Number of protein chains: 2
Amino acid sequence: MPTPASPRPARTRNPRGEGGRLRDDIMAAATELLDESGESSVTLRSVARRAGVAAPSIYRHFPDQPSIMLAVVQQAFAMLDAELRTAMDAAGSDARGRLFAFCNAYLDFADQHPGRYRTMFGGAWMPDLGSSSVTEGDVSSLGAESLTLLADTLDDCVRAGCATSSDPVADAVALWLGLHGLAHQRLVTVAFPWPADIAERLITTLAHLNDA
Amino acid sequence: MPTPASPRPARTRNPRGEGGRLRDDIMAAATELLDESGESSVTLRSVARRAGVAAPSIYRHFPDQPSIMLAVVQQAFAMLDAELRTAMDAAGSDARGRLFAFCNAYLDFADQHPGRYRTMFGGAWMPDLGSSSVTEGDVSSLGAESLTLLADTLDDCVRAGCATSSDPVADAVALWLGLHGLAHQRLVTVAFPWPADIAERLITTLAHLNDA
DNA sequence: CGCGCAAGGTGAACGGCTGTAAGTTTTTCT
DNA sequence: AGAAAAACTTACAGCCGTTCACCTTGCGCG
């Protein structure tokens with residue numbers, strides 16, 4: 001019997017200046033719920049329960065429910081970007097290796113945080129844009145830095161002679177979309193006729209990598 | 001002021017044998033709501049309002065709320081498949097032209113029915129699989145026929161000499177995923193650095209088409 | 001011809017969940 | 001001590017899925 005909305009009532013009040021610590025706890029609670037049970041289960045009240053807090057206490061830190069979601073998504077994009085950069089740094093200096101490190105880290109992120117990934121790229125959490133405090137500008141540029149990083153990496157591959165792309169920026173977008181298609185479909189569909197090497201095939205083809 | 005849940009109260013009772021006509025009306029209402037306001041707005045009650053019917057009347061035709069969703073999704077996949085085949089038939093006998101017809105029809109479907117597409121491939125509508133009458137077998141094979149059609153078409157391209165794929169089935173999956181990535185991202189993101197020729201670039205690359 | 005009976009459809013209601021507002025208590029710092 | 005930050009309790013109105021008992025219509029059959 002899994003505790004569906006386990007309340008964590010033991011919670012010591014925060015001292016004077018550090019009331020903002022609850023903000024982090026709220027976001028952590030929302031992220032947990034997102035990963036466990038999906039977007040629709042992240043309600044203001046369930047987040048409050050999980051954080052061990054009364055529901056109205058959340059309004060000290062977030063103006064409404066959608067802005068919790070926005071904060072979680074923004075944090076998730078920042079985490080994705082950080083993981084991508086970490087993986088690339090660990091891959092050394094070989095351009096081709098760095099490109100694969102990026103792609104594999106991207107796919108791993110989606111595999112390990114399915115709820116978050118679906119919400120980041122699913123878009124269903126976006127409010128009516130007018131009935132809440134979340135504006136279009138808040139969401140329009142999510143993931144842009146990571147995409148730029150991919151474009152730069154692909155450009156490095158071209159310079160190093162291991163990829164033949166006449167337009168690395170456009171091909172980076174294509175590769176980004178291919179990765180997204182694979183990651184998203186993987187999360188959604190349980191039974192799918194996946195060839196074993198589908199990821200490598202997709203990456204190699206879209207990046208126009210040499211056979212060598 | 002858009003009528004948010006326009007009730008259509010004028011409704012004449014169905015004769016003896018044709019009670020099933022309400023079933024079609026329910027599915028049509030659910031599809032309308034899906035296209036207008038997204039998955040979360042398709043509730044049993046809102047569907048009933050839109051269909052001009054009292055909420056409990058739905059239980060004469062569907063056991064659950066999730067099974068309404070399942071029926072709509074199944075119908076949407078059938079419609080997608082029909083549109084793909086229609087577009088290919090209209091494209092004549094050239095293999096390359098038929099492949100592009102498939103891909104463009106796929107992308108058009110997503111563009112023209114965004115709510116439906118997101119629900120078909122989003123997976124968030126799936127119930128707990130155990131707390132409702134929808135089984136895993138009902139959803140596992142959705143879209144399989146269309147994918148097979150794409151694989152056959154790509155195979156035709158190879159036979160006709162306009163594509164160089166050593167494994168048409170695997171490459172068809174890759175192309176399918178690429179199309180999905182493009183279509184899905186297009187629906188979700190308003191501002192994205194789309195190169196103008198991104199669709200053609202994606203298709204040509206993933207299908208390994210000749211330059212000619 | 002009339003009548004039973006079932007198909008088709010309602011109205012009212014229950015319990016539970018949601019977001020949010022108002023007012024109040026508790027803690028901590030100065 | 002007193003002020004203010006932090007969090008709580010209570011409450012409201014609205015929506016949800018589902019159930020039960022009820023009415024109406026019209027077909028088939030005696």
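So that the names make sense, note that chain A is the first sequence line, chain B the second, and so on, each numbered from 1. Computed from a predicted model, the values in this text were never measured in an experiment.
- Rounding to whole angstrom units, CD1 of residue A:Ile58 and C1' of D:dT9 are separated by 16 Å.
- Residues satisfying the salt bridge (Lys or Arg N to Asp or Glu O under 4.0 Å) test with B:Asp138, not counting sequence neighbours, are none.
- For A:Ser165, the side-chain hydrogen bond (donor to acceptor under 3.5 Å, both in side chains) criterion is met by A:Asp171, not counting sequence neighbours.
- Taking each heavy atom of A:Ala29 and A:Arg50 in turn, the nearest pair found is CB-CG, 3.6 Å.
- In the model, B:Thr153 has no side-chain atom that pairs as donor or acceptor with a side-chain atom of B:Asp156 under 3.5 Å.
- In this structure, B:His61 atom NE2 and C:dT10 atom C1' are separated by 13 Å, rounded to whole Å.
- Ring geometry for B:Trp176 against B:Tyr106 counts as perpendicular: the plane angle is over 60°, on a 0 to 90° scale with 30° as the lower cut.
- At whole-Å resolution of the value, CE in B:Met69 and C1' in D:dC16 are 15 Å apart.
- Straight-line distance from the CZ atom of B:Phe62 to the P atom of D:dT18: 13 Å, rounded to whole Å.
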Open item on the list: Strictly under 4.0 angstrom, non-hydrogen atoms only: write out the protein contact profile of nucleotides 13-22 of chain C, one letter per nucleotide from the 5' end, B, S or -.
Closed with: B----BBBBB
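- The residue B:Ala54 sits close only to the backbone: its heavy atoms come under 4.0 Å of sugar-phosphate atoms, none of a base.
- With no hydrogens or angles considered, a side-chain donor-acceptor pair links B:Gln185 and B:Thr189 at under 3.5 Å.
- The phosphate of C:dT10 has OP1 or OP2 within less than 4.0 Å of a side-chain N or O from B:Ser57.
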